[in-house]
There are 2 protein chains.
Amino acid sequence: MLHSPLNRLVRKLEADGRELAPAEKEAVLRLPFTLKEVRADHDIVRQGDRPTQCCLVIDGFLCRYKMLPDGERQIVSFHVPGEIPDLQSLFLGKMDHALTTISPSTVAFIAHEAMNALIEGQPKIGRLFWRETLIDAAIFREWIVNTGSRDAYARIAHLLCELFHKLQAVGLTKGTSFGCPITQTEVADATGLSTVHVNRSVQELRGNRLIEWERGTCTILDLQALEDAAMFEPEYLHLAHG
Amino acid sequence: MLHSPLNRLVRKLEADGRELAPAEKEAVLRLPFTLKEVRADHDIVRQGDRPTQCCLVIDGFLCRYKMLPDGERQIVSFHVPGEIPDLQSLFLGKMDHALTTISPSTVAFIAHEAMNALIEGQPKIGRLFWRETLIDAAIFREWIVNTGSRDAYARIAHLLCELFHKLQAVGLTKGTSFGCPITQTEVADATGLSTVHVNRSVQELRGNRLIEWERGTCTILDLQALEDAAMFEPEYLHLAHG
DNA sequence: CGACGCTTTGACCCGTTTCAACAATGGTGG
DNA sequence: CCACCATTGTTGAAACGGGTCAAAGCGTCG
């Protein structure tokens with residue numbers, strides 16, 4: 001039990017809220033699940049689907065996106081280990097967007113029934129899950145701000161700050177470095193910019209010695225300067241200690 | 001009881017989910033509240049606040065917004081009667097954004113304790129509230145798509161489609177007309193455009209005979225054409241009948 | 001070694017912003 | 001009931017951020 005993949009979820013719940021009671025922790029760890037390795041760029045859930053299970057990220061990066069009739073793809077969120085990107089499918093039957101892997105990933109599928117039983121048996125856990133979805137919404141709000149009010153340079157800086165803080169909260173950073181398998185094309189789809197302009201802006205961030213970013217590893221050279229450039233204020237992430 | 005302002009909330013819950021059982025409906029209508037008339041452009045909750053009550057819109061338009069350090073204002077959502085824009089404050093103590101009136105409005109304040117008691121006593125209502133917040137999140141996602149992937153013309157068209165459908169669901173439209181007290185400056189703050197360009201795009205929508213919009217009333221002249229121009233697909237609103 | 005995916009570059013173009021007025025509109029008080 | 005003022009809406013011209021297109025470099029992995 002100590003090394004169950006579900007510990008990722010426990011750690012996440014405790015990062016956003018307060019510590020879990022032993023009984024609560026056990027109830028979470030007792031959730032039945034099936035593990036699955038998924039290759040990169042593979043849709044886990046598609047727009048229009050009616051899932052009967054939720055997907056917990058154990059390892060790797062996922063994202064949610066919507067396609068427009070004109071072929072444009074808009075990524076609306078990135079997801080790192082410990083998160084349940086399609087928790088909403090418990091209450092919103094039909095998916096209004098797709099969920100896909102960015103990198104080769106390990107995910108745990110948990111049946112809706114099991115989630116519902118957990119929520120009923122442990123209402124406090126239910127509250128925490130609800131809270132997770134509200135933090136999700138807070139991040140969406142900040143993304144609206146990002147695409148609506150920041151220029152390209154700040155937009156990309158902001159995305160990197162967000163990823164860094166999210167990963168740090170679940171212990172997936174080493175110093176100011178973190179594994180970041182996201183391509184510039186995906187950054188473009190997430191920020192509403194062209195890949196060409198993303199590339200130039202990333203080079204500018206590098207040139208200003210704010211970041212290093214190559215071969216899937218991003219290192220923040222000057223966090224304060226990066227956050228200033230991004231107008232980043234971490235409160236919206238609603239992390240317990242910061 | 002029949003004409004309690006809380007009927008707005010009942011109607012809203014039934015628009016998004018299925019019909020309420022009599023006992024559930026009663027429990028909602030028994031919520032203690034205090035009514036308040038609020039003038040236009042008045043902050044109901046500010047960024048950084050820790051509210052102890054929720055705000056139910058009875059009459060008028062509200063919006064949520066975030067300010068950036070550089071003075072930019074980004075509106076992240078509009079709210080019409082029947083909605084509880086700060087329901088999240090039940091679980092996220094500190095506001096990461098502000099809530100303000102667009103027009104003179106009537107709102108009902110409901111204490112967090114009362115909301116919590118209702119949710120515990122009527123878990124099904126709790127589920128519906130959770131669902132409301134998830135629909136909120138779905139709308140945020142669509143706004144990310146809007147600012148990220150659509151041009152000015154489509155962006156504004158999309159906003160109008162959304163308002164129309166939301167208002168229609170709670171019975172606040174007359175034909176294809178609805179009261180829309182939003183100014184072009186507010187549309188600009190919501191879409192990430194300049195007021196000048198909003199103005200030109202609105203004129204284009206008028207010129208193409210898709211809408212009429214003056215003196216606080218918006219009439220959609222050709223809903224199909226407007227939705228096509230906006231690439232609008234109403235599923236994300238998760239309304240019961242459409 | 002070759003192929004594929006990702007990054008990088010240059011040149012040109014266009015949607016949108018900015019600035020700076022000016023015109024309507026509507027609410028207020030005398 | 002009209003004069004006044006503050007919002008809101010409208011216009012034109014010039015500048016700019018970012019988009020588009022097309023091609024070339026570069027890593028990595030079979």
Side-chain angles (χ1 to χ4, degrees), chain A residues 39-42 61 63 68 70-75 100-104 146-160 179-207 211-218 229, chain B residues 39-42 61 63 68 70-75 100-104 146-157 160 179-207 211-218 229:
Chain A
R39 67 168 193 279
D41 288 310
H42 179 259
F61 272 50
C63 76
L68 281 102
D70 65 0
E72 280 289 302
R73 171 169 104 145
Q74 177 71 45
I75 292 176
T100 197
T101 52
I102 293 274
S103 63
N146 213 30
T147 48
S149 299
R150 283 188 261 258
D151 65 17
Y153 185 79
R155 235 180 265 190
I156 295 166
H158 196 279
L159 178 58
L160 292 174
C180 185
I182 302 172
T183 67
Q184 294 185 1
T185 305
E186 286 155 349
V187 172
D189 285 348
T191 52
L193 299 163
S194 66
T195 65
V196 172
H197 203 60
V198 166
N199 181 266
R200 296 199 231 263
S201 302
V202 167
Q203 286 181 58
E204 210 181 328
L205 286 166
R206 288 201 275 244
I211 62 164
E212 274 170 358
W213 185 7
E214 37 189 4
R215 260 165 279 119
T217 298
C218 180
Chain B
R39 67 169 192 279
D41 288 311
H42 179 258
F61 273 49
C63 77
L68 281 101
D70 66 0
E72 279 290 302
R73 172 169 105 144
Q74 176 72 46
I75 292 176
T100 198
T101 52
I102 292 272
S103 63
N146 213 31
T147 48
S149 300
R150 284 188 260 257
D151 66 17
Y153 185 79
R155 235 180 267 189
I156 295 166
L160 292 174
C180 185
I182 302 172
T183 66
Q184 293 185 0
T185 304
E186 285 155 348
V187 172
D189 285 348
T191 53
L193 298 164
S194 66
T195 65
V196 171
H197 202 58
V198 166
N199 180 267
R200 297 198 232 263
S201 302
V202 167
Q203 286 181 58
E204 210 180 329
L205 286 167
R206 287 201 274 243
I211 61 165
E212 273 169 0
W213 186 7
E214 39 189 1
R215 260 165 277 119
T217 298
C218 180

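Every heavy atom of this structure was used, including side-chain atoms; hydrogens, water molecules and symmetry mates were not. The structure displayed is predicted, hence computed values, not measured ones. Here is the naming used below: chain letters follow the sequence lines, and residue numbers restart at 1 for every chain.
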Check: Just one of Leu193(A), Asn199(A), Ile156(A) clears the side-chain contact (heavy atoms from CB on, under 4.5 Å) bar with Gln184(A), so which one?
Finding: Asn199(A)
Checklist line | Atom-to-atom span, CD of Glu186(B) to P of dT7(D) - whole angstrom | finding: 13 Å
Note to self: Regarding Val196(A), tell me which of base, sugar-phosphate or nothing describes its non-hydrogen contacts under 4.0 Å with the strands shown.
What the structure shows: base
Check: Within this structure, what is the CD-to-C1' distance between Glu214(B) and dT10(D), rounded to whole angstrom?
Finding: 14 Å
Check: To the nearest angstrom, how far is Arg200(A) atom CZ from dT9(C) atom C1'?
Finding: 7 Å
Notebook entry, point to check: Does Arg206(B) place a side-chain N or O at less than 4.0 Å from the phosphate oxygens OP1/OP2 of dT10(D)?
Noted result: yes
Notebook entry, point to check: What's the CG-P distance between Asp151(B) and dT17(C), to the nearest Å?
Noted result: 11 Å
Notebook entry, point to check: What integer distance in Å separates Asp189(A):CG from dG19(D):C1'?
Noted result: 14 Å
Note to self: Distance check needed: dG5(C) P versus Ile102(A) CD1, whole Å only.
What the structure shows: 16 Å
Checklist line | Sugar-phosphate only, base, or nothing, as touched by Ser194(A) at under 4.0 Å among non-hydrogen atoms | finding: base
Check: Looking only at side-chain N and O atoms, does Gln184(B) come under 4.0 Å of OP1 or OP2 in dT7(D)?
Finding: no
Check: Hey, does Arg206(A) have a side-chain heavy atom less than 4.5 Å from the side chain of Ile211(A)?
Finding: yes
Note to self: What verdict does the side-chain hydrogen bond (donor to acceptor under 3.5 Å, both in side chains) test give for Thr183(A) and Glu186(A), after you've listed the backbone C-alpha separation in whole Å, the side-chain angles of each residue and the deciding distance to 0.1 Å?
What the structure shows: CA-CA 5 Å; Thr183(A) 67; Glu186(A) 286 155 349; 3.3 Å; yes
Next item on the list: Could you tell me whether the side chain of Leu68(A) reaches within less than 4.5 Å of the side chain of Arg150(B), counting heavy atoms only?
Entry: yes
Checklist line | Under 3.5 Å donor-acceptor pair, Arg215(B) side-chain atoms to dG9(D) base atoms | finding: no
Check: How is Gly192(B) classified with respect to the nucleic acid when contacts are heavy atoms under 4.0 Å: base, sugar-phosphate, or nothing?
Finding: sugar-phosphate
Next item on the list: Please report, rounded to the nearest Å, how far the P atom of dG9(D) is from the NE2 atom of His197(B).
Entry: 17 Å
Notebook entry, point to check: How long is the span from the CH2 atom in Trp213(B) to the CG atom in Leu160(B), to the nearest 0.5 Å?
Noted result: 5.0 Å
Margin query: Please confirm whether the shortest side-chain N or O distance from Asn199(A) to OP1 or OP2 of dT7(C) is below 4.0 Å.
Written below: no
Next item on the list: Round to a whole Å and report the spacing from CH2 of Trp213(A) to P of dG27(D).
Entry: 17 Å
